[in-house]
4 protein chains.
Amino acid sequence: MTTSLRVAFIGLGNMGRPMARNLLADGFPVTIWNRTRAHADALTADGARLAATPADAADGADLAITMLADDRALDSVVGDGGLLASLPRGAIHLSMSTVSVEIADRLTASHAAQGSVFVSAPVFGRPEAAAARKLFVVAAGPQAALDRCLPVFDAIGQRTFRVGERPAAANVVKLSGNFLIASVIEGLGEAFALARKSGIDPALFLDLLTSTLFTAPVYKTYGSLIAERRFQPAGFKMTLGLKDVSLVLDAARAAAVPMPFASVVRDRILTAIAQGGSEDDWSAVADVAARSAGLDT
Amino acid sequence: MTTSLRVAFIGLGNMGRPMARNLLADGFPVTIWNRTRAHADALTADGARLAATPADAADGADLAITMLADDRALDSVVGDGGLLASLPRGAIHLSMSTVSVEIADRLTASHAAQGSVFVSAPVFGRPEAAAARKLFVVAAGPQAALDRCLPVFDAIGQRTFRVGERPAAANVVKLSGNFLIASVIEGLGEAFALARKSGIDPALFLDLLTSTLFTAPVYKTYGSLIAERRFQPAGFKMTLGLKDVSLVLDAARAAAVPMPFASVVRDRILTAIAQGGSEDDWSAVADVAARSAGLDT
Amino acid sequence: MTTSLRVAFIGLGNMGRPMARNLLADGFPVTIWNRTRAHADALTADGARLAATPADAADGADLAITMLADDRALDSVVGDGGLLASLPRGAIHLSMSTVSVEIADRLTASHAAQGSVFVSAPVFGRPEAAAARKLFVVAAGPQAALDRCLPVFDAIGQRTFRVGERPAAANVVKLSGNFLIASVIEGLGEAFALARKSGIDPALFLDLLTSTLFTAPVYKTYGSLIAERRFQPAGFKMTLGLKDVSLVLDAARAAAVPMPFASVVRDRILTAIAQGGSEDDWSAVADVAARSAGLDT
Amino acid sequence: MTTSLRVAFIGLGNMGRPMARNLLADGFPVTIWNRTRAHADALTADGARLAATPADAADGADLAITMLADDRALDSVVGDGGLLASLPRGAIHLSMSTVSVEIADRLTASHAAQGSVFVSAPVFGRPEAAAARKLFVVAAGPQAALDRCLPVFDAIGQRTFRVGERPAAANVVKLSGNFLIASVIEGLGEAFALARKSGIDPALFLDLLTSTLFTAPVYKTYGSLIAERRFQPAGFKMTLGLKDVSLVLDAARAAAVPMPFASVVRDRILTAIAQGGSEDDWSAVADVAARSAGLDT
């Protein structure tokens with residue numbers, strides 16, 4: 001019975017909440033913890049048990065899921081009397097956050113030293129996709145551990161891709177995916193700037209692109225944000241974009257891979273932030289391209 | 001009756017031949033000319049009349065279509081006793097080549113001075129698409145002239161997009177589209193280099209990308225060329241890629257639009273050429289990314 | 001006797017006038033021509049003979065010097081009944097303008113076909129340096145022809161560098177020098193932006209740099225323009241900067257040499273122009289760096 | 001009497017040893033510590049007292065100088081029972097290493113909390129310059145503290161620049177200086193690649209550049225390394241170059257300053273490392289430019 005897995009769920013933000021709710025709906029016993037107590041409380045009504053600390057949550061779990069904002073948040077719940085210390089031998093720490101390749105490698109070693117197992121499985125998808133169990137899961141780690149995680153993956157996503165035995169491989173893939181999205185945004189930004197200065201209607205231009213060669217959702221979604229200059233409210237904030245592009249560049253540095261597109265995007269995001277756009281959706285890097293071309297934004 | 005249009009067709013390369021053949025099949029009277037005589041001869045069996053010179057072909061035509069390799073080729077058939085001089089007053093020069101914004105603007109003026117009309121309508125699609133009448137046509141010019149071209153567009157493509165009254169707008173759009181394709185290639189090249197150095201299987205990585213966020217044909221087509229490093233035979237040669245990216249950058253210069261992605265791609269293509277890859281498909285710029293990361297290619 | 005050389009001087013702008021004046025002062029018989037008549041008239045008082053056309057000026061000359069704004073201007077005085085046709089067999093066309101590698105190669109062949117000789121010898125230095133005979137001359141062409149030009153080089157410059165038998169080599173060197181100046185400007189622009197945002201006084205920062213590692217005049221000159229944001233009047237206009245960087249990139253394309261720094265500079269200059277700075281000194285690209293960092297400019 | 005300052009000197013590498021030796025020669029009482037004991041022993045003959053730990057060295061000192069490889073090394077001697085804990089109230093920690101802006105800001109706060117004072121004063125110059133007291137010192141911190149450090153600065157350098165009250169400002173300046181050196185290298189690399197492919201002799205080209213516009217030592221030094229492709233032994237290793245350029249980019253990220261030149265250099269260095277050049281002098285990035293242009297290296 002898959003639901004016999006006792007799950008700890010740490011990190012109940014916009015993504016973590018719907019994911020945890022789906023696990024509860026599928027009958028998993030779930031113990032939760034969140035830094036901001038209010039977000040955790042909302043789930044106790046759905047049957048979650050509230051733990052006092054991350055360590056407390058992980059104590060006795062078969063599987064401790066973390067879904068946190070960044071490396072720092074992950075470090076803060078794992079180390080120093082955190083879940084690393086309390087997770088039972090043989091249990092799994094399933095990290096689903098978009099964090100660095102470096103921390104994935106480091107936690108792989110730390111867990112091994114404690115007799116527990118680290119699995120990395122970041123996801124593609126927004127909060128709506130999480131609620132609808134439509135996430136794509138990118139998983140890496142020892143085969144047996146991935147097998148044990150399957151019921152969890154099935155409960156939260158539409159499809160799982162296994163990308164290797166080294167957990168950090170999943171982080172590389174996730175970060176590369178975000179890099180490719182950022183590249184789509186920048187490419188569109190430059191093309192739209194040229195089109196606008198040439199007197200071409202942005203909406204028409206977008207329709208043409210997405211009806212012909214660029215039919216993927218990512219072009220439609222970001223293309224319409226850009227064509228309409230609709231950067232508020234932010235689906236994915238500029239500062240998060242900077243975090244992810246920086247993580248890609250860090251991974252590329254560690255692997256000695258030059259990534260000139262990633263560098264261009266980094267500079268565009270920094271410009272957006274320097275010019276006051278920290279809270280915009282990251283598709284507003286297209287506006288940086290427009291301003292660089294002397295267009296009003 | 002649409003087929004009453006007398007068409008001159010100048011330029012019978014890999015794209016021009018199937019396009020002219022479709023016009024003949026639809027009953028248009030077509031007079032042809034090609035620099036290399038053999039390519040023209042093949043069409044006379046289909047009913048085309050062979051002209052001795054470009055001027056000869058355009059003489060008496062309602063519509064003179066040009067489908068040529070570059071600005072130089074176009075200039076050589078238009079100017080100095082070419083079609084510009086012989087095209088009847090009120091007739092249309094329909095330029096379907098991927099040529100510069102500058103030449104489109106220049107020919108717009110030249111034809112106006114002669115009492116003829118310049119229409120620009122480059123196409124998206126490969127020779128197979130041309131044969132199957134599946135091209136996408138991007139057309140710009142005076143509305144009345146575009147209306148008159150409609151039967152031609154219908155004979156050769158699956159859909160026509162009108163992008164404005166200024167003919168050069170169509171060139172901007174076509175060049176921008178090619179720029180976006182080039183950006184997809186470079187983005188994939190960087191992502192694959194990082195993935196390969198991180199021990200991730202390229203085929204698996206590609207399947208994941210194209211099953212989730214990047215479902216557009218352009219990712220599947222170029223992604224598999226890159227993952228398999230299949231750069232011969234070239235669908236679109238590196239040197240043509242250089243031509244088109246250079247045209248984008250020329251247009252961007254004229255319009256004062258900085259395009260850092262286009263500049264990165266230009267440098268990658270130059271590297272590919274400098275390192276011996278002139279005859280490769282332009283997706284081989286991904287190999288430049290790989291070699292820059294120390295990978296074997 | 002060196003002064004026996006009969007010199008034609010075509011192009012009497014800010015640089016050409018003081019150069020021609022120095023030749024006259026040294027006793028060379030000089031025939032002049034300029035598109036704007038007024039600039040030529042000023043020199044007749046110094047003993048120059050005024051010609052009616054470029055061809056007229058070159059007729060009977062031993063040496064025809066051209067000092068013009070760009071390729072187009074050079075083409076307009078050379079071709080179609082210009083100096084190419086009238087220059088005597090064995091005479092030299094000494095091109096001192098900053099023009100393209102392509103035109104240098106082209107004119108080398110054209111003159112050879114006419115029995116005359118093309119020498120390329122662009123100069124480093126501003127109008128003040130020209131007046132003071134302090135130019136640096138970068139010369140390339142057949143050795144014997146360069147030897148014959150020596151008295152001219154000595155009359156206008158402080159030192160001549162011979163860089164090869166192929167005339168275009170001199171253009172490559174001149175353009176590379178301008179590229180390196182542009183790189184200094186951009187490098188300083190980025191460093192100053194970082195320094196200013198870190199609360200460091202620009203004047204102090206500049207003094208430190210130019211007192212230690214970066215003692216060359218180019219750092220002092222451009223550094224003080226940047227630190228003081230003194231971009232008017234322009235010593236070298238932004239649009240000329242665009243011309244030269246574009247020529248470098250054209251040469252690099254023809255030679256298959258990727259130049260990412262040149263591409264970055266190009267984009268910065270385009271931004272400067274797009275944002276209204278066409279008439280500024282090209283050191284104002286540093287202001288683009290500042291604005292990109294959110295600084296007031 | 002300046003020599004009454006009791007100095008602790010931590011970090012006796014290629015730079016630290018000659019600096020410490022000059023302090024001893026000037027009569028400062030110096031207590032030393034180094035991770036590799038052998039390097040410390042060499043100085044005891046000159047009168048240095050050897051401490052058992054960094055904390056031991058700092059205990060009772062008026063001034064504790066650190067001259068270490070990177071942030072990690074600095075953190076390891078300062079924190080956790082290191083010099084931060086043992087340095088007397090009112091004493092100064094004088095950090096002369098090239099380390100991050102972030103650690104400078106962090107140690108400023110840590111020392112303030114302990115009642116000691118942090119001063120940052122990285123230096124420009126190689127080991128030979130250190131031995132000859134020819135370093136340039138870039139100092140920042142509270143005025144009174146800088147005044148107290150003066151005798152030390154005078155003992156080791158030829159000139160000291162004060163760049164502000166915030167210690168990290170000195171790190172920004174030092175890192176910016178290294179960034180500008182890296183930009184010179186890359187600029188020369190691109191220019192040499194173009195010149196070589198155009199048939200121009202590199203030595204001649206360099207002589208021309210450094211005799212005219214680019215007379216600064218940095219062009220002569222790096223230019224001759226590049227022209228002769230003399231990258232071994234490394235004066236400054238590629239991996240250190242990567243460290244410094246990464247620190248610049250980190251500082252630029254924190255300050256929201258896009259630095260496209262720094263990004264280009266980063267990618268070049270990564271390529272050099274990926275292609276086997278980790279141990280080369282960082283001027284070997286010019287070889288990356290050459291290889292990208294298809295030249296043999």
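Numbers restart at 1 for each chain; the letters A, B, ... are given by sequence-line order, proteins then strands.
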Fill in: Side chain / backbone / both / neither for A:L204 at chain B, heavy atoms under 4.5 Å
side chain
Discussion item. Counting heavy-atom pairs under 4.5 Å with chain A, which one of B:P217, B:A290, B:G199, B:P258 comes out on top?
Written reply: B:P258
Fill in: Most contacts with chain B, counted as non-hydrogen pairs under 4.5 angstrom, among A:G164, A:G294, A:A256
A:A256
Worksheet entry | Atom group of B:I181 that falls short of 4.5 Å from chain A, counting heavy atoms | both
Worksheet item: In this structure, are over 12 heavy atoms from other groups packed under 6.0 Å from A:D147 atom CG?
Response: yes
Worksheet, complete the sentence: Between B:R166 and A:S198 the two heavy atoms that sit nearest each other are NH1-O, 3.7 Å
Worksheet item: Between A:V264, A:D267, A:L208, A:V248, which residue shows the highest count of heavy-atom pairs closer than 4.5 Å to chain B?
Response: A:L208
Worksheet item: In terms of heavy-atom pairs under 4.5 Å, which option from B:G177, B:A254, B:S211 contacts chain A the most?
Response: B:S211
Worksheet item: Checking B:F261 against chain A: side chain, backbone, both or neither under 4.5 Å from a heavy atom?
Response: both
Worksheet item: Side chain, backbone, both or neither: which part of A:L209 has a heavy atom under 4.5 Å from chain B?
Response: side chain
Worksheet item: For the atom pair CD1 (B:I200) and OG (A:S176), what is the distance rounded to the nearest 0.5 Å?
Response: 6.5 Å
Worksheet, complete the sentence: Interface check, chain B: of A:P260, A:A255, A:A195, most non-hydrogen pairs under 4.5 Å belong to A:P260
Discussion item. Quick check: under 4.5 Å, non-hydrogen atoms only, which of residues 182-193 of chain A neighbour chain B?
Written reply: A:S183, A:V184, A:E186, A:G187, A:L188, A:E190, A:A191, A:A193
Discussion item. Do the side chains of B:D207 and A:R162 get close enough for a salt bridge, i.e. N-O under 4.0 angstrom?
Written reply: no
Discussion item. Heavy-atom cut-off 4.5 Å, strictly under: side chain, backbone, both or neither for B:T210 against chain A?
Written reply: neither
Discussion item. Below 30° counts as parallel, above 60° as perpendicular, anything between as tilted: where do the rings of B:Y219 and A:Y219 land?
Written reply: tilted
Worksheet item: Heavy-atom distance under 4.5 Å between the side chains of B:L213 and A:L180, does that happen here?
Response: no
Worksheet entry | Interface residues of residues 122-143 of chain A facing chain B - non-hydrogen atoms under 4.5 Å apart | A:F124, A:F136, A:V138
Discussion item. For B:T215 and A:T215: C-alpha separation, side-chain torsions, deciding distance, then whether side-chain contact (heavy atoms from CB on, under 4.5 Å) applies.
Written reply: CA-CA 7 Å; B:T215 54; A:T215 54; 5.6 Å; no
Worksheet item: Any idea which of B:V101, B:L175, B:V172 has the most non-hydrogen atom pairs under 4.5 angstrom with chain A?
Response: B:V172
Worksheet, complete the sentence: The interface call for A:T221 against chain B, heavy-atom contacts under 4.5 Å, is neither
Practice prompt. Between chain B and each of A:L194, A:D201, A:V218, count heavy-atom pairs under 4.5 Å; write down the option with the most.
Written response: A:L194
